[in-house]
Amino acid sequence: MAVWDKNIVWSFMLLLTGAVGQSVNYPPPVCAVKGSTVTLPCTFTPLQVDVDGRRVPIKIVRVRWCQKHTVCQGSTPSVYDSDSTSNDPRYKYLGDKKGNCTLQITDVRGEDDETFRFRMEVDDNRGHWTERSGVKVSVTDGTTMEITSSSGDGQVRTGENITLFCSARCTFHQLKVTWFRDDHALSESGPALQFSSLTAKDSGNYTCGLQTSTETRSGPYSLRVEAGEEGADGDLPLAAGVGAVVGVLLVLVAVILVCFIKRRRSAADQRADGGEEDQKHPDRVYSSVLQRADREAGGQRQESSRAVEEVSYASVQFKHNTQNQARAVQEADDATIYSSVAGRG
C-alpha cells in the first residue's frame with residue numbers, strides 16, 4: 001500500500017508540474033581511430049518538481065547508455081547499465097547519478113560507429129527520460145598520424161615553450177600514441193608532447209604513432225632549437241637567477257684555487273732560491289765558515305798570548321826580586337868588610 005501511495009504521489013506531482021529542467025549536454029560528433037580510446041564528456045540536469053514553492057530534483061535511480069535506439073528503454077541493448085553486473089568492460093561510465101554522464105570507450109572498434117544516447121530513470125516510469133539527439137561516433141581505420149606544432153614551424157629558440165600534437169586525420173581526441181625522437185621511443189604517451197625551456201638537446205626529428213598499430217606512424221617533424229638573441233622575449237627569470245648563482249660560485253672557486261696555487265708556487269720558489277744561492281756562491285759560504293773558525297781561533301790565541309804574558313811578567317818579577325835580594329846581600333857584605341878594616345886601623 002505504501003508503494004502504491006508513493007507511485008500515486010509521483011504520478012500526481014508529474015502531472016501537475018511536469019518534468020521540469022531535464023536536459024543532457026552531449027559533445028559534438030567524435031571521430032575515433034580503431035584501437036584508440038575515446039571519451040564522450042556529458043552532463044545532465046535531473047528532473048525537478050515544485051514542493052512547497054521549492055525546486056526539488058527527483059532522485060535518479062538508474063542510468064544507461066545505448067546505441068541503435070532512439071529511446072533506449074525496455075529490452076533495448078545497452079553498452080552500459082548501472083543496474084547490470086555484466087557490462088562490457090570496454091565501456092566505462094565515468095559519471096554518477098547527480099549530473100555527470102561521461103562515457104569512455106576503450107579499444108575502439110568498427111561496431112562503435114554509431115550514435116550513443118543517454119537515459120535517466122527515476123522511481124516512477126513516468127519520470128524516465130532519454131535525450132534523443134545523442135552523440136555520433138565515427139570510427140576510422142588506423143591511418144597515418146600527423147604532427148602539428150603550436151609554433152607553426154619547426155624554428156624555435158632556446159628557452160621558448162612549444163607543444164607538438166599527434167593526431168589522426170579526423171581526430172585528436174584521447175589518442176594513446178608513442179612518440180619518437182630520431183627513431184628512439186620517448187616515455188610520453190599522450191597526443192600532446194610539451195616542451196618548456198627548450199634547449200639544443202631537444203632538436204631532432206619527431207614522429208608518432210598509435211600504440212596499437214605500428215603502421216600509423218607519422219612522417220618526421222623536424223624541430224630545430226636555435227640560440228636565443230640577447231634581450232629576446234621569453235626570458236626565464238628562474239633560469240637566469242640559477243645561472244647567476246652558479247656563476248658566482250664558480251668565480252669564488254676559481255679565486256680560491258688561484259690563491260692556493262700562488263701560495264704553493266711561492267713556497268716552492270723560496271725553497272728553490274735558497275738552494276740555488278748556496279750552489280751559486282760556495283766561496284761565500286766557505287769564507288763565512290772560515291771567518292767563524294778564525295774568530296774562534298783568534299780568541300784561543302788571545303787567551304794563550306795573555307797566559308804567556310802573565311808567565312813572562314811573573315818571571316821578570318821573580319828575576320827582579322832575586323837581583324834586589326843579591327844586591328842587598330852584597331851591600332851587607334861590603335859593610336861588614338868595611339867595618340872590619342876600620343876596626344883594625
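Note: hydrogens, waters and symmetry copies are ignored here, and every other heavy atom, side chains too, is used.
- Of all non-hydrogen atoms in F44 and C101, the two that sit nearest each other are CD2-CB, 3.7 Å.
- In this structure, CZ on R117 lies 6.0 Å from OG1 on T70, to the nearest 0.5 angstrom.
- A search for salt bridge (Lys or Arg N to Asp or Glu O under 4.0 Å) contacts involving R62 returns D81, D83, E121, not counting sequence neighbours.
- Judged as a salt bridge (Lys or Arg N to Asp or Glu O under 4.0 Å), and not counting sequence neighbours, D202 has no contacts.
- Under the 4.5 Å side-chain heavy-atom criterion for grouping Ile, Leu, Val, Met, Phe, Trp and Tyr, I256 is not connected to V248 through any hydrophobic cluster.
- With sequence neighbours excluded, the residues that form a salt bridge (Lys or Arg N to Asp or Glu O under 4.0 Å) with D113 are K136.
- Residue pairs meeting the side-chain hydrogen bond (donor to acceptor under 3.5 Å, both in side chains) criterion with at least one partner in residues 183-195, sequence neighbours excluded, are D183-R217.
- Hydrophobic cluster membership is shared by F195 and V177, with clusters built from Ile, Leu, Val, Met, Phe, Trp and Tyr side chains linked at under 4.5 angstrom.
- Side-chain atoms of D182 come within 3.5 Å of backbone N or O of N205 as a donor-acceptor pair.
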Are K34 and D107 close enough, and set up right, to give a salt bridge (Lys or Arg N to Asp or Glu O under 4.0 Å), and what steps lead you there?
CA-CA 7 Å; K34 285 184 178 180; D107 187 21; over 6 Å; no

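- Using bins of under 30°, 30° to 60° and over 60° for the plane-to-plane angle, the ring pair W65/F118 lands in the tilted bin.
- Listed for the S82 side chain is a donor-acceptor partner under 3.5 Å among the backbone atoms of V63.
- Residues meeting the ring-ring contact (aromatic ring centres under 6.0 Å, His included) test with F180, sequence neighbours left out: none.
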After noting the C-alpha distance and the side-chain angles of S149 and F165, does the key distance pass the side-chain contact (heavy atoms from CB on, under 4.5 Å) rule?
CA-CA 6 Å; S149 170; F165 301 97; over 6 Å; no

Apply side-chain contact (heavy atoms from CB on, under 4.5 Å) to L186 and L193, showing your working.
CA-CA 10 Å; L186 304 179; L193 183 62; 4.2 Å; yes

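- Under the rule for a side-chain contact (heavy atoms from CB on, under 4.5 Å), the partners of H69 that lie at least two apart in sequence or sit in another chain are V71, T76.
- We find the CD-OG1 distance between Q73 and T130 to be 7.0 Å, quoted to the nearest 0.5 Å.
- T102 pairs by the side chain to side chain donor-acceptor pair (under 3.5 Å) definition with N100, not counting sequence neighbours.
- When atom types are taken as modelled, the side chain of S84 and the backbone of S86 share a donor-acceptor pair closer than 3.5 angstrom.
- A donor-acceptor contact shorter than 3.5 Å is absent between the side chain of H128 and the backbone of R119.
- Partners of F116 under the ring-ring contact (aromatic ring centres under 6.0 Å, His included) rule, at least two apart in sequence or in another chain, do not exist in this structure.
- The side-chain contact (heavy atoms from CB on, under 4.5 Å) check on N25 picks up T43, with sequence neighbours excluded.
- A distance-only check finds a donor-acceptor pair linking the side chain of S150 to the backbone of T163 [under 3.5 Å].
- Note: the hydrophobic cluster containing I162 also contains V225 (ILVMFWY, side chain heavy atoms under 4.5 Å, direct or indirect links).
- K68 pairs by the side-chain contact (heavy atoms from CB on, under 4.5 Å) definition with E114, not counting sequence neighbours.
- Partners of Y91 under the ring-ring contact (aromatic ring centres under 6.0 Å, His included) rule, at least two apart in sequence or in another chain, do not exist in this structure.
- Taking E131 as the reference, V24, Y26, W129, S133 meet the side-chain contact (heavy atoms from CB on, under 4.5 Å) condition, with sequence neighbours excluded.
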